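Only one structure is covered here, and it is reproduced in the block below.
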Number of protein chains: 2
Amino acid sequence: MTDARAAAAPEPTPGGATARDRAKAERRAALLSAAARLFAERGFPRVSLDELGAAAGVSGPAVYKHFVSKQSVLAAILVEASEGLLAGGRAVIGAAGADARAALEGLVAFHVDFALSNADVIRVQDHDLDSLADDDRHAVRALQRQYVELWVDVLARLRPAEARVALRTRAHACFGLINSTPHSSRAGARVTRSILEAMALAALTA
Amino acid sequence: MTDARAAAAPEPTPGGATARDRAKAERRAALLSAAARLFAERGFPRVSLDELGAAAGVSGPAVYKHFVSKQSVLAAILVEASEGLLAGGRAVIGAAGADARAALEGLVAFHVDFALSNADVIRVQDHDLDSLADDDRHAVRALQRQYVELWVDVLARLRPAEARVALRTRAHACFGLINSTPHSSRAGARVTRSILEAMALAALTA
DNA sequence: TGAACCGGTGAGCGGGCGTTAACCGAACGA
DNA sequence: TCGTTCGGTTAACGCCCGCTCACCGGTTCA
């Protein structure tokens with residue numbers, strides 16, 4: 001009975017690392033996605049480690065083989081999300097070049113897309129941010145601030161007369177508008193996407 | 001030494017009830033406002049009853065002389081807010097009569113005003129709603145749904161061709177836009193108010 | 001092949017916190 | 001004036017839960 005397994009197990013290590021490493025990475029990913037869903041549903045403090053582990057197929061303190069604490073699971077989710085948002089925003093702006101209007105439209109489309117496909121993370125972000133330890137929260141806030149400034153820069157090109165404080169308020173309001181998706185996704189994704197994009201652009205360029 | 005107090009204490013009971021009743025009502029109000037602030041700052045599960053009591057001048061289990069549980073404090077805040085929102089919305093629509101555009105502008109102004117002067121409650125509302133017991137949450141949700149339908153009715157008058165599902169998405173997005181205030185009130189209240197009103201109307205009537 | 005590694009488990013500790021219990025003193029009502 | 005009411009206090013219970021510990025069995029690698 002060893003032959004079959006011997007043929008299956010020692011594959012040329014497609015991930016580039018040992019089988020145990022790949023299994024561990026999968027577990028970690030499963031934990032993160034389960035955590036995002038659970039935190040979004042009930043809020044960070046009301047999810048126990050036992051529940052979290054169970055949702056990923058392991059049970060209880062096994063989480064500590066992947067994260068140093070419950071808080072660090074939350075931190076991993078939020079840092080990853082903030083970095084993704086910032087990187088994506090930069091890419092969009094770079095692609096638009098000097099065309100400020102195109103940059104704004106790209107940012108809106110990108111953010112709507114992110115919100116629609118990461119509703120859980122959105123919920124967690126403005127739900128449980130202050131359950132983070134101070135340094136983690138500062139890190140996430142710093143990333144978010146950079147992302148906001150990305151928007152403000154683009155808006156400043158379109159509305160040179162307006163103060164940056166006001167533009168910042170506009171950007172935050174626009175995020176609130178787009179991030180309303182998790183609370184209201186009754187309509188289909190296609191309709192929701194086009195409604196949100198139109199509303200956001202109208203609100204920003206009126 | 002009785003004379004001075006005898007002259008001061010038995011006032012004609014200005015509140016209409018006994019002095020003890022008035023004191024109790026004040027305590028209850030103090031507890032509610034302290035709770036709104038604390039819940040907004042740190043989230044419902046991370047505020048202990050001792051902290052809550054201390055913030056209102058009493059300490060610890062004295063809260064149980066005014067509320068049957070910690071959850072019921074949260075429920076009182078959210079039910080009161082939702083009822084206020086619904087009643088205010090109805091009043092605004094009634095005052096506008098047949099002019100749908102005026103009704104919408106009134107709703108926007110009213111909601112912006114509410115969000116600016118009740119930032120704490122706004123934060124608590126979309127932070128800790130699911131920390132409520134099932135029946136309380138259902139009650140709040142029912143009130144919120146009626147408020148949303150108020151907006152949808154007005155929007156339907158202005159956009160007769162659009163499906164109500166889509167209009168509901170628009171309403172939620174608009175709430176998200178306006179309710180972004182607590183996250184971004186860096187600019188002054190006056191500027192913020194006019195920016196939010198303009199953005200909301202632009203988003204809804206584009 | 002065998003020692004080291006490592007991710008998983010179950011048991012258990014310790015602290016925080018919601019809630020209850022027993023009691024006290026002032027305000028109230030007859 | 002005197003019994004009752006009632007809002008307040010302190011002490012303590014009991015549970016939940018984050019986290020640690022001791023241990024186990026398969027994978028890895030020399």
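These numbers were taken from a predicted model, which means no experiment stands behind them. Residue numbering restarts at 1 for every chain, and letters A, B, ... go by the order of the sequence lines.
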Given [N], is OP1 or OP2 found less than 4.0 Å from the side-chain N or O atoms of [X]?
| X | N | result |
| --- | --- | --- |
| A:Ser59 | C:dT9 | no |
| A:Lys65 | C:dG8 | no |
| A:Arg27 | C:dG8 | yes |

Candidates [options] - which lies nearest the side chain of [X]:
| X | options | value |
| --- | --- | --- |
| A:Lys70 | D:dG18, C:dT9, D:dT9 | D:dG18 |
| B:Tyr64 | D:dG8, C:dG18, D:dC19 | C:dG18 |
| B:Ser48 | C:dG18, C:dT9, D:dG18 | C:dG18 |
| A:Ala62 | C:dT9, D:dG8, C:dT19 | C:dT9 |

If I take atom [atom1] in residue [X] and atom [atom2] in nucleotide [N], what distance separates them, rounded to the nearest angstrom?
| X | N | atom1 | atom2 | value |
| --- | --- | --- | --- | --- |
| A:Arg20 | D:dT27 | CZ | P | 9 Å |
| A:Lys24 | C:dC5 | NZ | C1' | 11 Å |
| A:Arg46 | D:dC15 | CZ | P | 20 Å |
| A:Asp21 | C:dG7 | CG | P | 8 Å |
| B:Glu26 | D:dG7 | CD | P | 14 Å |
| B:Glu51 | C:dG16 | CD | P | 12 Å |
| B:Leu49 | D:dT9 | CG | C1' | 15 Å |
| B:Asp50 | C:dG15 | CG | P | 17 Å |

Between [X] and [Y], does at least one N-O distance fall below 4.0 Å, as a salt bridge requires?
| X | Y | result |
| --- | --- | --- |
| A:Arg123 | A:Glu41 | no |
| A:Arg193 | A:Asp113 | yes |
| A:Asp134 | A:Arg137 | yes |

**Message:** Both A:Phe44 and B:Pro61 contact DNA chain D. Which one's nearest nucleotide lies toward the 5' end?
**Reply:** B:Pro61
**Asked** Given the rule in the side chain to side chain donor-acceptor pair (under 3.5 Å) test, do A:Gln146 and A:Arg141 qualify, once you have shown the distances and angles that lead to the verdict?
**Response** CA-CA 9 Å; A:Gln146 293 179 68; A:Arg141 281 254 162 83; over 6 Å; no
**Prompt:** Would you call the rings of A:Phe175 and A:Tyr147 parallel, tilted or perpendicular if under 30° counts as parallel and over 60° as perpendicular?
**Reply:** parallel
**Asked** Just checking A:Val68: base, sugar-phosphate only, or nothing, at a heavy-atom cut-off of under 4.0 Å?
**Response** nothing
**Request:** Mind checking A:Val73 for me? I need base, sugar-phosphate or nothing, with any heavy atom below 4.0 Å counting as a touch.
**Result:** nothing
